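These notes concern the structure reproduced below.
Keep in mind that this is a model prediction, so the values were computed, not measured. Naming convention: chains lettered A, B, ... in sequence-line order (proteins, then strands); numbering from 1 in each chain. Side chains included, hydrogens not; waters and symmetry mates left out as well; all remaining heavy atoms used.
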Amino acid sequence: MTAPDFRLYNTLTRKVESFSPADGKTVRIYTCGPTVYRPAHLGNFRTFLFEDLLRRAIELRGWKVKQVMNLTDVDDKIIKAASEQGTTIAEVTAPITKIFHADRAFLRIQDAELYPKATDHIPEMIEIVKRLVDKKLAYKADDGSVYFAIDKFKDYGKLSRLDTREVKAGARVIQDDYSKENAQDFALWKAAKPEDERTGAAWDSPWGRGRPGWHLECSAMAMKYLGETLDIHCGGIDLIFPHHEDEIAQSEGSTGKLFSRFWCHGEFLLTEGSKMAKRLGNVATVQDLRDQGVPAAAFRHFVFSTHYRKQLNMSSEALEGSIEGVRRIGDFVQRLAEAKGATPELEKIAADAEAEVTAALFDDLNAPIALGALFTFIRKANAELDRNGVDKRALETARKAFGRINSVLDVVPESVGADPEIARWVEERLTARKDARSRREFAEADRIRAEIESKGIAIEDTPHGTKWRLR
RNA sequence: GGCGCCGUGGCCAAGUGGUAAGGCGGCAGACUGCAAAUCUGCUAUUCGUCAGUUCGAUUCUGACCGGCGCCUCCA
């Protein structure tokens, strides 16, 4: 049996290409992480969920993953916040980093192998700048900062395909960079300002006190932990330019080697029809999800219901559809767990579903197709389970197939446990209802049911007794 | 101004040069004391508009309309 093809869209070539790790075993992925000055919003998490899907699909394919996600803990906004609060950047970033990991855990985003911080890699960054200066690809300007000279790097623009001469009307204005030789040159090392010193954001370097430019940390940490040529580099679509373009320039400029074989970018999450962004004030966070009682599984379902390269508009209607969808998945899982057997037909239904899901995921992470196949599986399997078969092997096959499908999507809602007091009350009421029903006093039974449901609890009568759950 | 993406049923969303997956919602039926859950059937003769290519286009080409994004520090 030949190994299945694994296809991914590569921004570098603008094509879906066949992918496999360079060493045949471990996929080395670098994913641009959050700037920890405020809790990441759901748009950020859409990207992180796409990366989670990628790593899980790779693992399902049978490869190992070594993923590095950086935490940007020094940048203009962090310095500004520290400056305003009269503290240091470390004091700003520490609590936000904790929130990030908690939010990530809530959304069941798997741990990357490493979460390096920019401030822990200043020497590595300085080393890259040195090499670039030696190669005359970078220069120290009058303002004390070091800039990358983009016209010395012939491949500049190969990722974003932006013609640097065409940056014109409508574009955000280029400001206050008089010292640069070329307006498009970007900072590798920024000369320290008083507030940098005050907030602990300045380090010694061969060019004087200063701090790293934005792009530098990713080049330094990616190459340190994953080697000079990565398998895949991911991020949000807005990072293509300038961030990733500049990473390529720095990295390839300093090593002379290809920086990343594949570049993969996730599209935006929109709210109210436009990009979710802090500066637009339309951000929602994981905390909002918690407050609204949206299960993590439902948000995963919602994100995966649209292909990662397509914009996704968040609406309460769509979110509710996902909540209902994962409720159905959860009921199915429970049914699968409680079944004693199944009809033999279930065996093929499960195998077909798994094959379809796998094929979809390996074809540029087509999660919407995978979800479609999962729901078809659930409908057909429920129909078989309705027939009360006794085939244990078919049942076991279905359980395992579901398990593998869910190992990538992870869309089973967490079972919400009621507190013991409520549970005792519900059990007592259900007993009363059962007595009423056995006396055929249905009006009383229905009254009790309404009483239970008014507390936000759903009940359903089954051949094996009455079940209930919070809803 | 340059570059790019998108427009499929009430909502969300796949998809292919050969005649529209799936989910949510709705309607009807089976089951149930009644519900719920589950299952079954129905719910787009049509894929923004107009042309063109083709035996045939939602799928290719062009124009137009509409939405979104990038063009230096935003996932």
- [ ] May I ask you to establish whether Lys455(A) and Trp425(A) are in a cation-pi arrangement, using a distance under 6.0 Å from NZ or CZ to the six-membered ring centre and at most 45° from the ring axis?
- [x] yes
- [ ] For Asn406(A), check side-chain contact (heavy atoms from CB on, under 4.5 Å) against everything at least two apart and list the hits.
- [x] Phe402(A), Asp410(A), Val411(A), Val412(A)
- [ ] Please identify each residue that fulfils ring pair (Phe, Tyr, Trp, His ring centres under 6.0 Å) with Phe186(A), with sequence neighbours left out.
- [x] Phe148(A), His215(A)
- [ ] Pull out every residue in residues 441-449 of chain A that has a heavy atom closer than 4.0 Å to any atom of RNA chain B, ordered by number, or say none.
- [x] Phe442(A), Asp446(A), Arg449(A)
TODO: Using side-chain contact (heavy atoms from CB on, under 4.5 Å) as the criterion, list what pairs up with Lys193(A), not counting sequence neighbours.
DONE: Glu195(A), Asp196(A)
Task: Results of side-chain contact (heavy atoms from CB on, under 4.5 Å) for Thr306(A) - residues two or more places apart only - done: Arg46(A), Lys310(A), Leu312(A)
Task: Aromatic ring proximity, centroids under 6.0 angstrom, Phe48(A) and Phe45(A) - done: yes
Which pairs of donor and acceptor atoms, one on a side chain in residues 365-377 of chain A, lie under 3.5 Å apart (sequence neighbours left out)?
unit_1	atom_1	unit_2	atom_2	d
Asn366(A)	OD1	Ile369(A)	N	3.2
Thr376(A)	OG1	Gly372(A)	O	3.0

Check nucleotides 66-69 of chain B against the protein and report each pair of N or O atoms closer than 3.5 Å, with its distance, or say if there are none.
unit_1	atom_1	unit_2	atom_2	d
C68(B)	O2'	Gln311(A)	OE1	3.0
C68(B)	O2'	Gln311(A)	NE2	2.8
G69(B)	OP1	Lys275(A)	N	3.2

Task: Residues that Asp151(A) engages under salt bridge (Lys or Arg N to Asp or Glu O under 4.0 Å), provided they are two or more places apart - done: none
TODO: For Phe268(A), check ring pair (Phe, Tyr, Trp, His ring centres under 6.0 Å) against everything at least two apart and list the hits.
DONE: none
Show me the protein contacts with nucleotides 18-28 of chain B, counting only N or O atoms at under 3.5 Å.
none

TODO: With heavy atoms under 4.0 Å as the rule, sort Ala383(A) into base, sugar-phosphate or nothing.
DONE: sugar-phosphate
Open item on the list: Is there a side-chain contact between Lys190(A) and the phosphate of C73(B), meaning an N or O under 4.0 Å from OP1 or OP2?
Closed with: no
Open item on the list: Tell me which pairs pass side chain to side chain donor-acceptor pair (under 3.5 Å) where either residue lies in residues 315-326 of chain A, with sequence neighbours left out.
Closed with: Glu324(A)-Arg327(A)
TODO: Can you sort out which residues in residues 337-355 of chain A have a heavy atom within less than 4.0 Å of RNA chain B? Ascending by number, please.
DONE: none
